[in-house]
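Not measured: the values here are computed from a predicted model. Worth knowing before you read on, the calculation uses all heavy atoms, side chains too, and leaves out hydrogens, waters and symmetry mates.
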Amino acid sequence: MWRTYVICVLIGLLLVSSGSSIVLLRQVISSQAEVDRLRQQVKLAATPAVVTTAPAVPVPTVAVSGGDAALLQQIETNVATLRGLQPKASVPLRFLDPPALQRFFVDRFNQDYLPSERESDQKLLSTLGIINPDESVVQILLGVLQEQIIGIYNQDDKVMYLVADSGQLGPDEKGTFAHEFDHALQDQYFDLTVLAPKHPDNDDRSLAIDALTEGDATLIQRLWAQQNLSADEINQLGKGAAMSRLLSAPLFLREQLLFPYTDGFSFARQIYQAFGFSGIDDVFRNPPQSTAQILHIDKYRAHIAPMEVSLPDLAGETGSLGPGWRSIKSNVLGELDLRLILTQLTDSTRGVRGASGWAGDRWQLLDKDGRQALVIKSVWDSENEARTFFDTFALAMKNRFSGAKEEEATSTRQALTATTAATELRRSGATVVTVIAFDRASAEAIATVVGL
């Protein structure tokens, strides 16, 4: 899944947002102010440049002075003490110059972002209207990846990679090292390869785990900076950082990438304030099952797990839709993704309200003769929450297909027909089925087979 490899390069952006709010943990305030500050910067974002990828080459290390090595050892000691987790093994460190670290990330991206995942992401977001048909998810993500790289702990080889120009360690590098060393401790104690597999069968649960791991590391980073950086160093954090490609990315992608650092930090901070780091350790042993549990911590505390939603066999030889249909992928969107879809296609207020009652979903992306159809079956906490989502998604589809013919618009069915697309939105009680297809007959057939 692409998020794992792009999220790890956003530490620089995190430092930009935290520089003026480093005392956040002493002030019981929400991280929403930082999210709003980041969103405000979008208005100033530059147009992304054309992205090119360099061929894989050996990555030479950069020499680090003895003084810097001692400093890094001290940061490790400080982080282990703050976190309450003493390292079980040493963590090898490799310093790379910026081009070499970029190549390292691009190589990992190309190796681990499977062709099937690329096809699914591209066609899913295009069908929803999140990206334009001529935009490439791969190119957008590579642009973000190559723009802002400071460092990463690689859970595959258990090595820390940190960028350094001539081996000089500034405040950004120090803070990033503290953040990434916490990831190494997480891995040693909780096994990140098991907790956060590369190709999850539930993308929503995977994003919730990202929020836990990044939220914890962000908390440590800020506590460490608060205690160990001077006022001048804090003021230097993130100065000159390039962010235009992230900030000019489609809202859905941008906000999904920021989520682990913002809402994940808020979640970790609340656990820490109530139970300390032993409480966060308990969360690692019993991790969140959905982004809804991150967004609404009371759902995590009350053990309100998402409902399992299933779809009938739609495609293939035994599929209910008949011959010619192919299933591209099936997975879970979750509250955050539904919120961001609604937000991008309507507005933030409607997006939050429309998705807040999420209880579970399952989507499937289908193909017939090179044309895509998407079905989403969702269940909600109550019939009223389902109605709110239904109404908001109906508005989103009207915005998505402006000028489409309205076949029906009632409290239980909304259907639109455009030149090359058709939608079918049906509600029964607390269940909603949404279909975006390439023609009216296909949209109605899919909705009927699913059962509403």
Quiz item: About how many Å separate CZ of Arg426 and OG1 of Thr412, when rounded to the nearest 0.5 Å?
Solution: 9.5 Å
Quiz item: Do Asn228 and Asn78 have side-chain atoms, one donor and one acceptor, less than 3.5 Å apart?
Solution: yes
Under 3.5 Å donor-acceptor pairs involving side-chain atoms of residues 277-285, not counting sequence neighbours:
residue : atom : partner : partner atom : Å
Ser278  : OG   : Phe275  : O            : 3.1
Asp281  : OD1  : Arg83   : NH1          : 2.9
Asp281  : OD1  : Arg83   : NH2          : 2.8
Asp282  : OD1  : Arg285  : NH1          : 2.9

Quiz item: Considering only heavy atoms from C-beta outward, does the side chain of Trp380 approach that of Thr388 to under 4.5 Å?
Solution: no
Quiz item: Going from CG on Asn399 to CE on Met397, what distance comes out if it is rounded to the nearest 0.5 angstrom?
Solution: 8.5 Å
Quiz item: Hey, are the side chains of Phe181 and Ile220 touching, using non-hydrogen atoms and a 4.5 Å cut-off?
Solution: no
Practice problem: Mind checking side-chain hydrogen bond (donor to acceptor under 3.5 Å, both in side chains) for Gln289 and listing every partner two or more places apart, or none if nothing turns up? | Solution: Arg205
Exercise. Determine whether the side chains of Tyr153 and Asp187 contain a donor N or O and an acceptor N or O closer than 3.5 Å.
Key: yes
Quiz item: Does any donor atom in the side chain of Asn154 or Asp157 lie under 3.5 Å from an acceptor atom in the other side chain?
Solution: yes
Practice problem: Check Leu128 against Ile341 and note the closest heavy-atom contact, atom names and distance. | Solution: CD1-CD1, 3.7 Å
Self-check item: Leu142 and Val106, any side-chain heavy atoms less than 4.5 Å apart
Solution: yes
Quiz item: How would you list, by chain and number, every residue that makes a side-chain contact (heavy atoms from CB on, under 4.5 Å) with Thr193, sequence neighbours excluded?
Solution: Gln155, Lys158, Asp191
Quiz prompt | Under the side-chain hydrogen bond (donor to acceptor under 3.5 Å, both in side chains) test, residues paired with Gln344 that sit two or more places apart | solution = none
Quiz item: Minimum heavy-atom separation for Val449 to Pro312, with atom names?
Solution: O-CG, 3.7 Å
Self-check item: Side-chain heavy-atom pair Leu257, Leu246 within 4.5 angstrom cut-off
Solution: yes
Self-check item: Backbone of Ala89 reached by a side-chain donor or acceptor of Gln188 within 3.5 Å
Solution: yes
Quiz item: Just how far is it from atom OG of Ser126 to atom CG of Leu374, taken to the nearest 0.5 Å?
Solution: 11.0 Å
Quiz item: Which pairs pass ring-ring contact (aromatic ring centres under 6.0 Å, His included) with one or both residues in residues 123-142, sequence neighbours excluded?
Solution: none
Exercise. Report yes if the distance between the aromatic ring centroids of Tyr261 and Phe265 is under 6.0 Å, otherwise no.
Key: no
Quiz prompt | Ser442 side-chain N/O to Phe438 backbone N/O, donor-acceptor pair under 3.5 Å | solution = no
Self-check item: Residues which pass salt bridge (Lys or Arg N to Asp or Glu O under 4.0 Å) with Glu119, listed by chain and number, not counting sequence neighbours
Solution: Lys123, Arg326
Self-check item: Rounded distance [0.5 Å steps], CD1 in Ile436 versus CD1 in Ile376
Solution: 6.0 Å
Exercise. With sequence neighbours left out, write down each residue that passes salt bridge (Lys or Arg N to Asp or Glu O under 4.0 Å) with Asp439, or none if nothing qualifies.
Key: none
Practice problem: Apply salt bridge (Lys or Arg N to Asp or Glu O under 4.0 Å) to Arg350 and list each qualifying residue two or more places apart in sequence or on a separate chain. | Solution: Asp347
Quiz prompt | Separation between OH of Tyr161 and CD1 of Ile152, rounded to the nearest 0.5 Å | solution = 9.5 Å
Quiz prompt | salt bridge (Lys or Arg N to Asp or Glu O under 4.0 Å) partners of Asp367, counting only residues at least two apart | solution = none
Practice problem: Give a yes or no on whether the backbone of Lys405 and the side-chain of Thr417 come within a donor-acceptor separation of less than 3.5 Å. | Solution: no
Exercise. Give a yes-or-no answer on whether the side chains of Ser327 and Gln364 include a donor-acceptor pair shorter than 3.5 Å.
Key: yes
Quiz prompt | Any residue meeting side-chain contact (heavy atoms from CB on, under 4.5 Å) with Ala217, in chain and number order, not counting sequence neighbours | solution = His179, Asp182, His183, Gln186
Quiz item: Looking only at heavy atoms, what is the nearest atom pair of Ala268 and Asp216, with distance?
Solution: CB-N, 3.8 Å
Quiz item: Which value, rounded to the nearest 0.5 Å, describes the distance between Gln372 atom CD and Thr127 atom OG1?
Solution: 5.5 Å
Quiz item: Would a distance-only check, ignoring hydrogens and angles, find a side-chain to backbone donor-acceptor pair under 3.5 Å from Ser330 to Trp363?
Solution: yes
Quiz item: Backbone N or O of Ala394 within a donor-acceptor pair of the Gln414 side chain at under 3.5 Å?
Solution: yes
Self-check item: Side-chain heavy atoms of Pro287 within contact of Leu195, under 4.5 Å
Solution: yes
Quiz item: What residues form a side-chain contact (heavy atoms from CB on, under 4.5 Å) with Glu406, not counting sequence neighbours?
Solution: Lys398, Ala409, Leu416
Quiz prompt | For Pro260, the option from Asp210, Ile209, Thr218 that meets side-chain contact (heavy atoms from CB on, under 4.5 Å) | solution = Asp210
Practice problem: Please check if the side chain of Glu180 supplies one atom and the backbone of Phe177 the other of a donor-acceptor pair under 3.5 Å. | Solution: no
Self-check item: Sidechain N-carboxylate O distance under 4.0 Å for Glu424, Arg413
Solution: yes
Side-chain donor-acceptor pairs under 3.5 Å in residues 298-310, sequence neighbours left out?
residue : atom : partner : partner atom : Å
Lys299  : NZ   : Trp358  : O            : 3.4
Lys299  : NZ   : Asp381  : OD2          : 3.1
Tyr300  : OH   : Asn286  : O            : 2.6

Self-check item: N/O donor-acceptor pair under 3.5 Å between Glu214 side chain and Thr262 backbone
Solution: no
Quiz prompt | Flag side-chain contact, heavy atom, 4.5 Å: Asp204 against Leu333 | solution = no
